[in-house]
Amino acid sequence: MNVLTTPEVIDTIAGLRARLAGTGARAGERPRVVLVPTMGALHAGHLALVRRARELGDIVVVSIFVNPLQFGAGEDLASYPRTLEADVAALATVGADLVFAPTGQVMYPHGPSSTRVTAGPVGTLYEGAARPGHFDGMLTVVSKLINIVGPDVVVFGQKDAQQVFLVEAMLADLDFRPVIEVVPIVREESGLALSSRNRNLAEEQRAAARALSAGLAAAASVAGRGVAAALQAAHAFIDAQPLVKLDYLVVVDPQTFLPVAADHLGPARMLVAALVGSTRLIDNAALDLN
Ligand code: PAF
């Protein structure tokens, strides 16, 4: 379908399935369906996912659902931005075909489902340590969305590196049909990774938050000198910012997502999370430790 055609918004599971069946998308030799799962409040990072989806398939479905299962007590579920009208307008500029925007009642008609997909040990580390149950809730809704839409490809952003690792593991471990496509992080000119939560940052906080991407870039530039040098380079930027309260800074093995040994050689990924004011920000970068 054409860019600048307003996508059709569907809010029921039956409605979406019927619409996809009408395109032939759920039967036999059929168009290639690409799903981009989101929680809305779309920014240029999300639009990059949809542009990639457009290249990969015939029918691009963007889901917009603020999933209560992946928010813990005291997190920002109630205040998470809900901007459906603006999101649909933005999606029209990048060629999304269908927007699936169910209510909580549609997704969880009997309240939070008692059946969960569990993320396993890696789901309890890093973001999972700070947000217990987050990844189980995330994988549960991603499973539901895949079952509802029946896509050939699911598109995720590299910014949520642990999420990407866990979705890849789930797709493989549970023999889900779609393949995953991972799109690079989109950054502001300053280096700050785009996030729906950036809108909560005051100007001074936004400036301070740049220490995260600056630290990652510094780490990548000295990665040839080893893990300790990379960590030290990143700390130098992040620790210098009093407004940035570091939660974790860790170098992980991309195969296992476990912290690397001090003498690790080869590809790795540095993960960082911090609170800037009350806003939790995450970022990551590839490191070549050779
Ligand atoms: O990355 C997100 O926005 C969410 O975790 C996702 C994948 C849409 C599931 O709710």
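In each ligand, atom 1 is the first atom listed, and ligand 1 is the first ligand listed. These numbers come from the heavy atoms of this one structure, side chains and all, not from hydrogens, waters or symmetry mates.
- Checked against the 6.0 Å centroid criterion, the rings of Phe71 and Tyr80 qualify as a close aromatic pair.
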Pairs under 3.5 angstrom, nitrogen or oxygen on both sides, ligand 1 versus protein: list them out, please.
residue: ligand 1; atom: 1 (O); partner: Gln163; partner atom: OE1; Å: 3.4
residue: ligand 1; atom: 1 (O); partner: Gln163; partner atom: NE2; Å: 2.8
residue: ligand 1; atom: 5 (O); partner: Gln70; partner atom: NE2; Å: 2.9
residue: ligand 1; atom: 5 (O); partner: Gln163; partner atom: OE1; Å: 2.7
residue: ligand 1; atom: 10 (O); partner: Gln70; partner atom: OE1; Å: 2.6

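- For Gln105 and Thr103, the side-chain atoms include no donor-acceptor pair closer than 3.5 Å.
- Only one option out of Phe257, Phe135, Tyr126 pairs with Phe165 in a ring-ring contact (aromatic ring centres under 6.0 Å, His included); it is Phe257.
- Thr279 and Arg197 share no side-chain donor-acceptor pair at under 3.5 Å.
- Note that the OG1 atom of Thr93 and the CZ atom of Arg51 stand 6.5 Å from one another [nearest 0.5 Å].
- The ring pair (Phe, Tyr, Trp, His ring centres under 6.0 Å) contacts involving residues 210-229 comprise nothing, where partners must be two or more places apart or lie in separate chains.
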